[in-house]
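Down below is the structure, laid out as structure tokens.
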Amino acid sequence: MMYRLCEFAVGLFVSLATYHAILLHRLGGPVMTTPDAMLLGRTLMDYRVLLIVGFTLPYLYFRATGKDYSQLLVAGCTLAWFTFLEDTLALDNVLFVPELVTGKLTQFSRPVFLIALTFMTVEARRMRVSYV
């Protein structure tokens, strides 16, 4: 039950981040003062979304086929924490438009995403979860 709740939280974050990245492209990118900063913000958000979607799709495939996905979760969780630390220490709020609700939701749901993903990773490694 708890594992599925964490899956829902991770799925919600992936959806929010993807939707926010699409909105950034439609609106022209983060509100920044220089074109270089705008390009950097948009590019980094694109890479973050590609990274989480790139791990979500194989996860869904492994989960649907009943294969062991614990190694995938370990790699994804490690990268998620590293990007969070990088964003927090080096980039601050360069990835978000504070005025956009999707940016705020993505930013505030990220700690929940990280905790849920960590729980899923530990649980999968412990149980070698392979639900069908």
Side-chain angles (χ1 to χ4, degrees):
M1 170 75 172
M2 185 64 157
Y3 190 89
R4 294 197 185 228
L5 181 64
C6 289
E7 275 186 321
F8 176 76
V10 169
L12 182 63
F13 177 81
V14 170
S15 300
L16 282 170
T18 304
Y19 182 63
H20 180 64
I22 291 168
L23 276 181
L24 285 180
H25 279 280
R26 296 182 92 205
L27 296 174
V31 178
M32 306 251 180
T33 56
T34 66
D36 289 338
M38 196 163 98
L39 179 65
L40 173 67
R42 185 184 296 169
T43 303
L44 288 175
M45 190 65 200
D46 290 347
Y47 286 148
R48 298 309 192 259
V49 168
L50 287 174
L51 182 70
I52 60 175
V53 170
F55 275 97
T56 301
L57 294 177
Y59 172 79
L60 292 173
Y61 170 75
F62 287 161
R63 184 130 171 14
T65 59
K67 295 180 181 178
D68 179 33
Y69 46 82
S70 60
Q71 293 288 73
L72 182 69
L73 282 176
V74 169
C77 186
T78 303
L79 284 171
W81 276 101
F82 276 121
T83 58
F84 172 72
L85 290 173
E86 177 187 45
D87 293 348
T88 302
L89 297 175
L91 301 175
D92 198 20
N93 289 328
V94 77
L95 302 179
F96 299 100
V97 177
E99 294 81 24
L100 287 179
V101 173
T102 56
K104 290 178 183 178
L105 289 174
T106 303
Q107 202 168 22
F108 291 126
S109 65
R110 194 170 188 186
V112 175
F113 162 73
L114 289 168
I115 292 168
L117 185 59
T118 302
F119 175 82
M120 289 171 59
T121 302
V122 170
E123 193 66 17
R125 292 296 291 170
R126 187 174 71 80
M127 301 291 290
R128 296 286 180 164
V129 177
S130 57
Y131 297 115
V132 176

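Values below: all heavy atoms of this structure, side chains included; hydrogens, waters and symmetry mates excluded.
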*Sub-4.5 Å side-chain heavy-atom contact between Leu72 and Arg63*: no
*Shortest non-hydrogen contact from Val49 toward Ala17*: CG2-O, 3.5 Å
*What distance separates Phe13 CZ from Thr18 OG1, expressed to the nearest 0.5 Å?*
9.0 Å
_I'd like to know if Val10 and Leu57 are part of one continuous hydrophobic network [Ile/Leu/Val/Met/Phe/Trp/Tyr, side-chain heavy atoms within less than 4.5 Å]._
yes
*Answer yes or no: is there an ion pair linking Glu123 with Arg126, defined by an N-O contact shorter than 4.0 Å?*
yes
*Between atom NE2 of His20 and atom CZ of Arg48, what is the distance when rounded to the nearest 0.5 Å?*
12.5 Å
*Where is the tightest heavy-atom contact between Cys77 and Leu117, given as atom of each residue plus distance?*
CA-CD2, 3.6 Å
*Could you state the interatomic distance from CZ (Phe119) to CG (Leu5), rounded to the nearest 0.5 Å?*
9.0 Å
*According to a 4.5 Å side-chain heavy-atom criterion applied to Ile, Leu, Val, Met, Phe, Trp and Tyr, with indirect links allowed, do Leu12 and Ile115 form part of one hydrophobic cluster?*
no
*Considering non-hydrogen atoms only, spot the tightest contact between Asp68 and Phe62 and give its length.*
O-CD1, 4.2 Å
*If every non-hydrogen atom of Leu73 is compared with every non-hydrogen atom of Met120, which pair is closest and at what distance?*
CD1-O, 3.8 Å
*Do the side chains of Leu51 and Val53 join up, straight or via other hydrophobic residues, at under 4.5 Å, putting them in one cluster?*
yes
*Ser109 side chain reached by Leu16 side chain, heavy atoms, under 4.5 Å*: yes
*OG1/Thr118 to CZ/Phe113 distance, rounded to the nearest 0.5 angstrom?*
8.5 Å
_Check: Tyr59 and Glu7 side chains under 4.5 Å, non-hydrogen atoms_ = yes
*Are Val14 and Val112 joined in one hydrophobic group, where the rule is that I, L, V, M, F, W and Y side chains link up if heavy atoms are under 4.5 Å apart?*
no
*Could you tell me whether the side chain of Leu79 reaches within less than 4.5 Å of the side chain of Phe55, counting heavy atoms only?*
yes
_Nearest heavy-atom neighbours spanning Arg125 and Val74_ = CD-CG2, 3.5 Å
_Spacing of OH belonging to Tyr19 relative to CG belonging to Leu23, to within rounding of 0.5 Å_ = 4.5 Å
_Please report the interatomic distance CG(Leu114) to OG1(Thr83), rounded to the nearest 0.5 Å._
7.5 Å
